[in-house]
Each structure stands twice: as C-alpha cells, then as structure tokens.
Amino acid sequence: MKRLLAPALAIAALTSLHAQSPGERAVDWNRLRPEILERYRDLVKLDTTAGSETLAVDYLKKVLEGEGIPTRTFALDPKRANLVARLKGNGSKRPLLILAHTDVVGVQREKWPVDPFGAVMKDGYIWGRGSKDDKPVLAANLVTMLMLKRLHVPLDRDVIFLAESAEEADTTGVGINFMVREHFPEIDAEFAMTEGGGATIEGGSVKQVNIGTAEKLPARVRLVATGTAGHGSAPRLDNSLIHLAAAVEKVGRWETPMRLNDTTRAYFEKLAAAGPPEQAARYKALLNPASAAGAQQYLRQHSPAEYSMLRTSVVPTMLKAGVGPNVIPSEAEATIDVRALPDEDLDRFFAEMAKVIADPAVKVVPLPRIRPASPASRIDTEMYRAMEQAAKSVYPGAMVLPSMSTGASDQAQLRAKGIQSYGVGPASTESDATDYPAHGDVERLAESSLYPFVQYVWNVVTAVAARK
Ligand SMILES: [Zn+2]
C-alpha cells in the first residue's frame, strides 16, 4: 500500500510565487523533501528490469493524472510502455523535453546486502537497483511536472515529460527508437534534458558539475582472419590465429589521433585554468602541442575515460576461434569496440585501421550500429547557459563544465533529430561512484544528493520554460 502525500499538503508547503522572478521561483525545498523522497523511493521499489517497464508507467500515470496532468502511453510491447505528459505553454518558444528511462539493469541478489528493490535507507543512502540509473532523473522530472502544475507556472514553451522504456538494451526497438520513429511529434522539442551528466563531491561539497553535451558513437568491428585449415601437428604460415593475434595487438596498441571538439576543448581548458596546481599543469600540457604526447600518456595510465575523450578509441573485447587443440582453424575473429568521436569519418577510419593491420589475410568488418551518429549539442544556447546558472546557484563554488560521455545513451537519437540535448545527474563522491556505480553489483545514492538534484532540474526547467 502506497502512502502518498496529499497534493493539498504539498501545496501548503510552498511559498507564494507571485513575487518571484521567472527562473527563481522559490519552492520551500525543506518542506518538499518528504514528498521527493517518497516519490523517488516508490520508483526505486518498482522492479523495472527490462520487460516490466509498464510498472513505472502505471505509477506515473496515476500520480500525474491524480493531479490533473493528462498522460498518453505508447507501447509497441504492452509490458514495455512509454509515457508522455505535456504541460502547455503559450507557444512563443519551442518545447522543452525532460526525459528519463524507466528500465534498470538486472541484479544478482546474492551480491546485495539489502533488498535491491526495497529502497532501503541505511547510512545516509538509499539503496537499490536504479537508485542512480536512472530513477533520480525520473523522480526529479516527475516532481518538476507536479510543481509546475500545482503552482500554475505560466510557460513560454510546452514542457514535455517522457518516461521511456528499454534504454539499457533496446534490441527490439520499443523505447526511444519507437518514439522517434512512430511518435516523434509527441516529443519533438528545441531542447532536451536527461541522464548523461553528473557532479563530483570532494571534501563534503560539490566541486565539479558536468553538463553532458556530447557522446561518442559505438561503431564496433569484427576482425576476420582466414587461412588454410590443417592438422595441429603440421605448422602453417597462414594459420588464421597467428594473423589474428598480430592484428589484435596492432589495433590494441594503435595511438589514434587526438582531436578536440568544442565540448572537450572547453572541458580541458576549464580544468587547466582551475583546480589543484599539479592537476591544472597536466591539462595545460595536454592543450600545448609541444607537450601533449606526455600528457596523453599520463591520462592513458591514470584516467582511461579522459584519454578516451581525446580520440576515437579502439579496444579489443572478444576473441573467437578454434574447434579443437589439434586443429588449425581456417577462420579466427576478434570483436573490437570502437568508440568514435561525434564527427569521425568512419569509412576513412576503418580504412586507416586496415592499413595499421597491413595484412591481406585480415578483414575489417563493421558491425551494425545500434545508435545513430549524433552531433554534439551547442554550448552557446539559452538552455546550456540556464544549466550553468542553475548549477552555480544550487552548488555554490563548483566548477561547471560541458562534458562528452565516452558511453552511449538515448540522447544520440534525440541529437540526431536536431534536438539540443543535455545530460544531468546527481552528485556523488569519487569513491561512491567507483564502489557503488550505475550497473554495479550494488547501487546506492546519498539521500543528501537527491534534494539538490531535484532543485537543479527545477531551476533549469523554470529558467528555460517559464514565462519571462
Ligand atoms: Zn541510464
């Protein structure tokens, strides 16, 4: 049995808005906390592992419609529905889309010290699958919609709420691919905001806020080596395994060229201009062609994700060959996880890879791509500036910088359709991000990170969509 706060109570918790300027609409955040926590925990308690996302849609529909916000559901698979709700603006600006995925990755229950779907509160954390990925964003978006409605905030643009299924693995195309392909007018917007950013806590306060503005494109290939099959007792020069092994070593050690874009240049420049001197010096060295090589090697050893931000990366991940210990296989193959910079010319890149391998017995075979190539979102938009401003006001003293994810997300589909899309996320310490990461054995979020994050989302939405 769910115990929801009555809307009237929550409204009473708010200060009057009449004197507030747009974008600075004051909500009594202290008094809203119990409701934020309850909504968030309700969502974490739903086991929305791939294939059961409709559980979240049913919950969201009830909450939104209970407060007079109409919803529509779109389902290619009835168990994996998507939900859209729209608050209308006066149409003077194009819509803002706030979205979050409802699915979570699976759990190995024996690894959890608590029920992974209990939203247990312990040691200052809320524990549960999805507690980081992606229920904080889902909860923040939900609370933002409820507050816009309760406070009758006049809007210059529609605010569209999307809860989408199947972000983690959309092999059947029921989530963002379905929405973009079949129902794009329902979610078409000038700007979008969703997971894909974050913030770092150090020494008890937020030191850095990353706004996600770009992501790399997974563009995997197979290396296929062929030779003559034969008996293991008779060595052959054209043994496919030997050719494959040499090719894997060459691409695995290949130093692809470093290339910065607007996002990564701004990111590294900001780090070079601030922060501890030793660290700043390293980023300065990276930006200077004369010293970049050494700085890159440092990142390669100590910060693989930042090293990956500099280039299209090439990582061997799988090998497949052989049928028996005494059989020379006629074919051997490796899978290479290539993560391309947003502007990479992939045909040229794969031709370059073939040159690096320099072996006619080994072919480079691109695998089908699961996401479209997507240009980086601009960092000179009203939305980006509003996010910077909101981050500075919610996390005073933090450095705010654009960032390119080395992973992939549903923002790719939105950016490919021309939407300027930006990533957000709650703050976490470095150690918590390492020990309890999204998709990790155990996931948890500090309760103290939840409330400022909701406030951040609210500030951005009101700054960009509320009537000026
Ligand atoms: Zn996610």
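Counting starts at 1 for both ligands and their atoms, in listed order.
- Look at E167 and the Zn ion (ligand 1): no N/O/S atom of the residue is under 2.8 Å from the metal.
- Minimum-distance N/O/S atom of E195 relative to the Zn ion (ligand 1): OE1.
- Side-chain N/O atoms of T312 and E344 include a donor and acceptor closer than 3.5 Å.
- Side-chain contact check for S409 and E215: at least one donor-acceptor pair (N or O, by modelled atom type) lies under 3.5 Å.
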Side chains of residues 196-207: which donor-acceptor partners sit under 3.5 Å, not counting sequence neighbours?
from, atom 1, to, atom 2, distance (Å)
S205, OG, K207, NZ, 3.0
K207, NZ, E202, O, 2.9

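- The Zn ion (ligand 1) has no N, O or S atom of D134 inside 2.8 Å of it.
- Within D133, the N, O or S atom at minimum distance from the Zn ion (ligand 1) carries the name OD1.
- Take R378 and apply the side chain to side chain donor-acceptor pair (under 3.5 Å) test, not counting sequence neighbours, and it matches D380.
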